[in-house]
Amino acid sequence: MNELFEMILEKDEKIVRVAKPVKAKLMTSCMAWVLAMWAICYGCGGWVVFLPLTDGGMPLDWWIGVIITVGSLILPLVISIPFFLAYHKNRYYAYTNKRVIIRTGVFGIDYKGLDLKAIDALNVYVSFFDKLVKKDTGSLKFGSKASPIINYGNGSGGYKFTHVEKPYEFYREVKEYIDVAKAGEQGLSTR
């Protein structure tokens, strides 16, 4: 898996560990978004189904309501499942002796990295879905002065390794490298 990151590594940079999000956990959290989309679609058009029937049979509005309701159930799944599968296929996390790197993308491959020396905060987050779907999974959130840990309702934003196995073990491993990087920086600044 190191070849996934070779094009962006510096000459003296070595990958320590590569991880991939747990597919079942990622898909469960993504399906929560699908349910939200379904609720919006149903709220916009599904109410038409409940219009009263007339004596002459079912009104045209009722059929339009049925089509909108069925479409609102199927369309989010048809659109989102291939999108989330492509997202999972391209999503990898790595940490090196110098930084943490996130590889992602649906249509193209994107990378973002954060220097270990710049990391001021590292949090482990284990959600209800982590406990429900796949035990011993969670997310690591990295924060720096330039990119603080921001907790939106869904935990989006910033640098995070989401849906990884054994998050506490992963935390300890990365924390050791952060401490070494910061100690090296302090040693260089005192000379």
Side-chain angles (χ1 to χ4, degrees), residues 1-30 32-33 36 84 86-191:
M1 285 202 242
N2 292 352
E3 64 276 358
L4 297 170
F5 297 93
E6 281 178 359
M7 66 182 62
I8 62 161
L9 294 179
E10 297 174 12
K11 290 180 184 176
D12 59 342
E13 189 173 17
K14 304 278 189 264
I15 291 180
V16 178
R17 181 173 174 185
V18 175
K20 186 154 184 65
V22 174
K23 192 174 192 175
K25 172 61 178 80
L26 179 68
M27 292 304 284
T28 301
S29 90
C30 291
W33 285 105
F84 292 132
Y87 178 77
H88 179 265
K89 176 185 166 211
N90 294 327
R91 185 98 175 166
Y92 287 90
Y93 311 113
Y95 71 92
T96 70
N97 56 325
K98 292 186 168 193
R99 60 185 164 157
V100 294
I101 305 169
I102 299 169
R103 179 188 187 267
T104 189
V106 174
F107 303 110
I109 302 299
D110 305 317
Y111 293 93
K112 70 181 191 179
L114 183 62
D115 287 345
L116 294 177
K117 294 180 220 175
I119 297 173
D120 296 319
L122 174 58
N123 294 348
V124 176
Y125 177 71
V126 177
S127 72
F128 169 73
F129 287 119
D130 286 309
K131 292 293 186 182
L132 183 67
V133 176
K134 175 110 169 117
K135 297 196 179 359
D136 207 15
T137 61
S139 300
L140 299 178
K141 296 180 183 182
F142 303 92
S144 69
K145 289 179 178 96
S147 179
I149 294 175
I150 300 171
N151 288 318
Y152 300 114
N154 62 1
S156 64
Y159 292 84
K160 31 182 212 305
F161 291 2
T162 56
H163 319 300
V164 295
E165 290 188 47
K166 300 180 181 176
Y168 299 110
E169 180 182 307
F170 211 149
Y171 171 91
R172 284 191 301 275
E173 289 176 18
V174 174
K175 182 75 170 102
E176 283 181 35
Y177 276 86
I178 292 169
D179 292 343
V180 167
K182 287 189 176 274
E185 180 181 58
Q186 290 171 355
L188 291 175
S189 64
T190 59
R191 288 184 179 178

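Counted within 6.0 Å of OH on Y177, heavy atoms from surrounding residues, nucleotides or ligands total 12 or fewer; the atom is thus considered open. Sparse packing is recorded around NZ of K23, with 12 or fewer heavy atoms of other residues, nucleotides or ligands lying under 6.0 Å away.
Within the model, atoms CD of E13 and CD1 of I101 stand 5.0 Å from one another, a figure rounded to the nearest 0.5 Å. The CG atom of N123 sits 10.0 Å away from the CZ atom of F142 when rounded to the nearest 0.5 Å. Here the CG atom belonging to L116 is positioned 8.0 Å from the CG atom belonging to N97, to the nearest 0.5 angstrom. Note: D130 CG to S139 OG = 6.0 Å, rounded to the nearest 0.5 Å.
Looking at every heavy atom in both residues, V164 comes nearest to P167 through O-CD, 3.9 Å. In terms of heavy atoms, V106 sits closest to A86 at CG1-CB, 4.0 Å.
The closest side-chain heavy-atom distance from K98 to D12 is below 4.5 Å. Contact of the F5 side chain with the T96 side chain is not registered, since no non-hydrogen atoms from C-beta on lie closer than 4.5 Å. Using a 4.5 Å heavy-atom threshold, the side chains of F84 and L26 count as separate. E173 has its side chain within reach of Y95: a pair of non-hydrogen atoms, C-beta onward, lies under 4.5 Å apart. Residues V124 and F170 fail the side-chain proximity criterion, which asks for heavy atoms closer than 4.5 Å. Residues R103 and N90 are in side-chain contact: their nearest non-hydrogen atoms beyond the backbone lie under 4.5 Å apart. Between N2 and L9 there is no side-chain heavy-atom pair separated by less than 4.5 Å.
Between Y93 and T162, the side chains place a donor N or O and an acceptor N or O closer than 3.5 Å (distance only, hydrogens not considered).
Y159 pairs with exactly one of K112, R99, K141 by the side chain to side chain contact (heavy atoms under 4.5 Å, CB included) rule, that one being K112.
One N or O on the side chain of H88 and one on the backbone of P21 form a donor-acceptor pair closer than 3.5 Å. In this structure a side-chain-to-backbone donor-acceptor pair under 3.5 Å is missing from K160 to L140.
Using a cut-off of 4.0 Å between Lys/Arg side-chain N and Asp/Glu carboxylate O, K25 and D136 are scored as not salt-bridged.
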